[in-house]
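Following: one structure in structure tokens, then a few remarks.
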There are 2 protein chains.
Amino acid sequence: MTFSDVDNEAAVLLKKANQRYTEGRRRLVAALQAGKGPLTIADIVAADDTLPQSSIYRNLVILEEANVVARVVTSDDFARYEIAEHLTHHHHHLICKACGDVIDFALDAQTEATLDQALHQAAHDAGFTAESHQLDLLGTCGDCRSES
Amino acid sequence: MTFSDVDNEAAVLLKKANQRYTEGRRRLVAALQAGKGPLTIADIVAADDTLPQSSIYRNLVILEEANVVARVVTSDDFARYEIAEHLTHHHHHLICKACGDVIDFALDAQTEATLDQALHQAAHDAGFTAESHQLDLLGTCGDCRSES
DNA sequence: CTCAGTGCAAAGGATTTGCATGCCG
DNA sequence: CGGCATGCAAATCCTTTGCACTGAG
């Protein structure tokens, strides 16, 4: 999906949710698309300082409800957000334990398929209805390793 | 590992970290062992109301540093803790999007091995040093499904 | 005895919300 | 025009911390 595809799709999803796609929300989506991985609120403010913090929080909630963005939880104290997977592509996160940075990566299709099937099986066995999975890899990024 | 194995191991790990294994810390470890999955601070207080909140927070930090417990991050606003995997066994989490409850589950060894290898490969390709992975399944638990 | 651990209450910090104003439809 | 979106500032709520007290070694 290209930048404007996401933009268009966001407009459709928001309309479906009876929400407007305002300038501020467009800028927010643009900022998230520009990142290499999920961004914190601070990252977003840094990327576009015309956006006040409270509006970012408020609009992220709206965009999340409309399935345009997704909240990503990592181990540091800041919530992170990214464009929803169905507007981009299924992927996972490399989380650096040293600097807290998060980078996207993907598994090969074969492994992903095997995993997905095993997960559905396991969920079923536990009387659980699986919707999606989140797989994070914890480690040290190249930058932090060379610094240590 | 049995209950007392974990207890003994916790004592060793704390000693190694120059920390005492006090009554409060024992009760904390016991409460975590009793849970079916990672517990929130509120869960712990509910399980053992002799433990004051502030001591729970403080001791969880100590126990985490000593590698006795691990912090588990989910999508709700509460931190959760569990006994460290090396004292129990490698497992994953089923997270209910409706009630926020978290339940442990495991993948079969074969799938886990495949996954682990694919992850190391992917991490390596990204110049990342992988240490561990965290895989969560998001969905709806049996209880919540029957209620809706 | 001495110092780490404890418990209460007060502080901290990310996130949320009330309210007056501005702008979209 | 009417209502949703915005922005500021104040409020919330999980979590952390200061301080005086207790207990382990």
Side-chain angles (χ1 to χ4, degrees), chain A residues 7 10-32 38-66 68-82 100 102, chain B residues 7 10-32 38-66 68-82 100 102:
Chain A
D7 209 53
V12 172
L13 287 168
L14 280 172
K15 171 155 287 186
K16 202 179 296 179
N18 271 81
Q19 293 288 348
R20 298 177 192 159
Y21 195 26
T22 60
E23 177 66 14
R25 293 175 184 177
R26 283 175 195 280
R27 297 181 79 105
L28 192 43
V29 169
L32 289 174
L39 303 182
T40 62
I41 276 67
D43 290 337
I44 297 170
V45 172
D48 186 340
D49 63 10
T50 67
L51 298 171
Q53 218 186 36
S54 68
S55 292
I56 294 176
Y57 277 110
R58 222 165 344 209
N59 285 327
L60 283 173
V61 171
I62 301 290
L63 290 168
E64 189 179 14
E65 283 171 355
V68 175
V69 307
R71 181 180 212 154
V72 176
V73 185
T74 61
S75 34
D76 56 31
D77 293 323
F78 305 91
R80 288 169 184 269
Y81 286 85
E82 66 184 7
V102 183
Chain B
D7 209 54
V12 172
L13 287 168
L14 280 172
K15 171 153 286 186
K16 204 179 296 179
N18 271 81
Q19 294 287 347
R20 297 177 193 159
Y21 195 26
T22 60
E23 177 65 14
R25 292 174 186 179
R26 284 176 194 279
R27 298 181 78 103
L28 193 43
V29 169
L32 290 174
L39 303 182
T40 62
I41 277 69
D43 290 337
I44 298 170
V45 171
D48 185 341
D49 63 9
T50 67
L51 299 171
Q53 218 184 37
S54 68
S55 292
I56 295 176
Y57 276 110
R58 227 172 330 216
N59 285 327
L60 284 172
V61 171
I62 303 290
L63 291 169
E64 189 179 14
E65 284 171 354
V68 176
V69 306
R71 180 181 213 152
V72 176
V73 186
T74 61
S75 34
D76 56 32
D77 294 323
F78 306 91
R80 286 168 183 271
Y81 286 85
E82 66 185 8
V102 183

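Naming convention: chains lettered A, B, ... in sequence-line order (proteins, then strands); numbering from 1 in each chain.
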Inset, instruction - Determine, for nucleotides 6-20 of chain D in 5'-to-3' order, which nucleotides have protein heavy atoms under 4.0 Å from the base (write B), from only the sugar-phosphate (write S), or from neither (write -). - result: SBBB----SBBBBB-
Inset, instruction - Rounded off to whole Å, could you give me the CD-to-C1' distance for the A:Glu65 and D:dC4 pair? - result: 15 Å
Inset, instruction - Whole angstrom is fine here: how far is it from CZ in A:Arg26 over to P in D:dA5? - result: 14 Å
Inset, instruction - Report yes if some heavy atom in the side chain of B:Ile62 is under 4.5 Å from a heavy atom in the side chain of B:Leu14; otherwise report no. - result: yes
Legend entry - Atom pair CD1 (A:Ile44) and CG (A:Leu39), whose distance is rounded to the nearest 0.5 Å: 5.5 Å
Inset, instruction - Provide, to the nearest angstrom, the distance between the CG atom belonging to B:Leu28 and the C1' atom belonging to C:dG5. - result: 13 Å
Legend entry - B:Leu63 and B:Val61, any side-chain heavy atoms less than 4.5 Å apart: no
Legend entry - Protein-nucleotide distance (A:Ile62, atom CD1; C:dT17, atom P), rounded to Å: 11 Å
Inset, instruction - Can you see which heavy atom on B:Leu32 is nearest to which on B:Tyr81, and at what distance? - result: CD2-O, 3.3 Å
Legend entry - Distance, rounded to the nearest Å, where A:Lys15 contributes NZ and C:dC24 contributes P: 15 Å
List every contact pair, protein side and nucleotides 1-3 of chain D side both N or O, where the distance is under 3.5 Å.
none

Inset, instruction - Could you pull out all residues at least two apart from A:Arg26 that satisfy side-chain hydrogen bond (donor to acceptor under 3.5 Å, both in side chains)? - result: A:Asp7
Legend entry - Interatomic distance, B:Leu14 CG vs D:dA24 P [rounded to whole Å]: 16 Å
Legend entry - Donor-acceptor under 3.5 Å (A:Arg80 side chain, A:Pro38 main chain): yes
Inset, instruction - Check whether any side-chain heavy atom of B:Leu60 lies under 4.5 Å from a side-chain heavy atom of B:Ile41, and answer yes or no. - result: yes
Inset, instruction - Using whole Å, report how far CG of B:Leu60 lies from P of C:dT6. - result: 12 Å
Legend entry - Whole-Å gap separating C1' (C:dA14) and CG (B:Asp76): 16 Å
Legend entry - Sole residue of B:Arg27, B:Arg25, B:Glu64 in side-chain hydrogen bond (donor to acceptor under 3.5 Å, both in side chains) with B:Asn59: B:Arg25
Inset, instruction - Search all heavy atoms of A:Ala10 against all heavy atoms of A:Val68 and return the closest pair with its distance. - result: CB-CG1, 3.9 Å
